[in-house]
K.L.:
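Pasting a structure here, questions to come.
All values derive from a computational prediction rather than experimental measurement. Here is how names work: the chains are called A, B, and so on, in the same order as the sequence lines, proteins then strands, and each is numbered from 1.
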Protein chains: 2
Amino acid sequence: MPKLIDHDAREIEVAEAAWRVLLRDGITKISVRNVAAEAGLATGSLRRSFPTQDSLLIFSLQLVQRRARDRILALEPGPTPRATAEACLMQLLPLDADRRVEMEVYHAMGSLALTSSALRPAYDQILADTRAACRVFLERLLRAGDLDAASLDLDRESAALHALVDGLALHLLAADPHDDGTHAARILSDYLDRLPGSTRA
Amino acid sequence: MPKLIDHDAREIEVAEAAWRVLLRDGITKISVRNVAAEAGLATGSLRRSFPTQDSLLIFSLQLVQRRARDRILALEPGPTPRATAEACLMQLLPLDADRRVEMEVYHAMGSLALTSSALRPAYDQILADTRAACRVFLERLLRAGDLDAASLDLDRESAALHALVDGLALHLLAADPHDDGTHAARILSDYLDRLPGSTRA
DNA sequence: TCCTTGTTTACACGGTTGTACTAACAAAGC
DNA sequence: GCTTTGTTAGTACAACCGTGTAAACAAGGA
């Protein structure tokens with residue numbers, strides 16, 4: 001037997017190399033060759049993990065989702081349900097290097113997914129999961145009595161919160177990198193304050 | 001003298017061809033060759049209007065901005081300041097074929113601009129102008145007495161409204177095309193209702 | 001008629017792309 | 001020793017890329 005490879009670990013290494021290429025060189029440079037070089041592999045070796053470029057892009061996008069989800073699930077509950085909700089939502093904003101990488105990959109793949117039937121399901125899944133997460137955050141506030149259930153359409157409010165968070169994230173990506181996210185955090189906080197029945201209105 | 005060309009009109013024709021390629025074939029296919037073919041030109045002819053690919057992309061993005069701005073400026077005032085504001089904001093959502101094209105181009109160029117120093121200024125300009133427009137919409141509501149000036153930070157509220165609109169637009173792009181935007185319109189309306197001092201709260 | 005000039009075409013250059021294929025290699029079992 | 005087998009490296013293909021150049025063309029002025 002030759003040197004054995006941990007395929008799961010290898011896939012992650014390659015995906016992270018793809019992230020770096022995407023961040024450093026842009027969406028037009030995510031070629032199999034460039035990613036392989038960044039990962040220190042020959043293209044033939046990379047093709048053992050990812051036989052096609054699409055499979056590489058899909059996995060790279062899915063890894064973004066897994067990382068974000070794991071980070072949110074690992075959060076300690078805050079002093080109040082409201083504080084917990086805000087902390088979770090902040091994980092969806094590019095407020096440090098790791099989250100910025102994830103957001104840029106998510107954003108770039110969104111552009112590709114619009115015309116790639118291979119990439120679309122993975123992208124739609126991220127949208128659906130993030131939407132579901134927003135819904136859960138709101139439900140928790142509801143149960144904690146921080147919101148008024150009667151005047152709140154949960155479907156619509158989840159979509160609204162999701163849109164606000166993604167919009168803030170998008171603008172933070174383009175903003176000058178010295179933005180520490182204080183403004184975005186305040187906007188998010190104000191938004192929650194203004195939901196009907198908010199105990200902090 | 002040979003056949004004379006209206007260069008301004010030609011630039012627009014080429015840019016719209018670039019839009020079509022981008023929409024139909026995706027961000028990876030906006031090559032000089034593909035755009036020239038879509039416009040019915042030889043690449044050499046296209047290079048007379050746009051000597052480099054960057055100049056073509058920049059103009060195509062700027063044309064998006066001009067179209068959206070012109071459409072908003074051409075709007076008739078609605079029955080109330082609030083109705084006028086909503087109508088303006090709707091122009092920034094992909095609610096028909098034309099606006100969808102503009103939004104997809106805007107979105108795609110955003111991905112490219114993150115690593116293209118040539119494209120960045122044009123993209124940043126769109127962001128700044130849209131932000132300024134959001135601010136104007138809010139100022140009008142303020143002057144009409146529909147909002148409470150004291151408890152409203154205009155900078156922050158402009159950024160928040162901008163983020164919400166761009167987030168809604170982003171999700172409408174990915175949503176199934178049968179979405180007529182009713183949900184997005186309602187979300188936008190609710191958001192304005194909840195601004196401090198709103199007369200429709 | 002020829003000339004001038006804006007326009008169009010066709011082709012060339014060096015480089016990159018996704019994917020495929022084949023030979024070399026390294027290490028464990030016999 | 002040899003074989004087996006997961007892994008790697010290298011190369012090949014046809015297609016496409018951005019850009020450059022130079023020849024062909026068409027139409028109005030002289």
K.L.:
Please tell me whether Arg82(B) and Ser189(B) have a donor and an acceptor in their side chains that are separated by less than 3.5 angstrom.
P.N.:
yes

K.L.:
Looking only at the side chains, is there a donor atom on one of Asp129(B) and Gln125(B) sitting less than 3.5 Å from an acceptor on the other?
P.N.:
yes

K.L.:
For dG20(D), take OP1 and OP2 only and decide whether either is under 4.0 Å from a side-chain N or O of Arg47(B).
P.N.:
yes

K.L.:
Under 4.0 Å, heavy atom to any atom of DNA chain C: which of residues 106-123 of chain A qualify?
P.N.:
none

K.L.:
Say you draw a straight line from CG of Leu46(A) to CG of Leu56(A); how long is it, rounded to the nearest 0.5 Å?
P.N.:
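One finds 6.0 Å between CG of Leu46(A) and CG of Leu56(A).
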
K.L.:
If only side-chain N and O atoms of Arg48(B) are considered, is one of them under 4.0 Å from the OP1 or OP2 phosphate oxygen of dG20(D)?
P.N.:
no

K.L.:
Check this one for me: any side-chain N or O of His7(B) less than 4.0 Å away from OP1 or OP2 of dG6(C)?
P.N.:
no

K.L.:
Are a donor atom and an acceptor atom from the side chains of Asp54(A) and Thr52(A) found within less than 3.5 Å of each other?
P.N.:
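No donor-acceptor contact under 3.5 Å links the two side chains.
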
K.L.:
Going by an N to O cut-off under 4.0 Å, is there a salt bridge joining Arg99(B) and Asp96(B)?
P.N.:
yes

K.L.:
Quick check on DNA chain D: between Pro51(B) and Arg33(A), whose nearest nucleotide comes earlier from the 5' end?
P.N.:
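Between the two, 5'-proximity favours Arg33(A).
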
K.L.:
Give one of base, sugar-phosphate or nothing for Ser31(A), where a contact means two heavy atoms less than 4.0 Å apart.
P.N.:
sugar-phosphate

K.L.:
Applying a 4.0 Å non-hydrogen cut-off, can you work out what Asn34(B) is touching in the nucleic acid: base, sugar-phosphate, or nothing?
P.N.:
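Since only primed, P, OP1 and OP2 atoms lie under 4.0 Å of Asn34(B), the category is sugar-phosphate.
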
K.L.:
Taking OP1 and OP2 of dT19(C), is either one under 4.0 Å from a side-chain nitrogen or oxygen of Thr43(A)?
P.N.:
no

K.L.:
Between Arg48(B) and Glu11(B), is there a side-chain N and carboxylate O pair less than 4.0 Å apart?
P.N.:
no

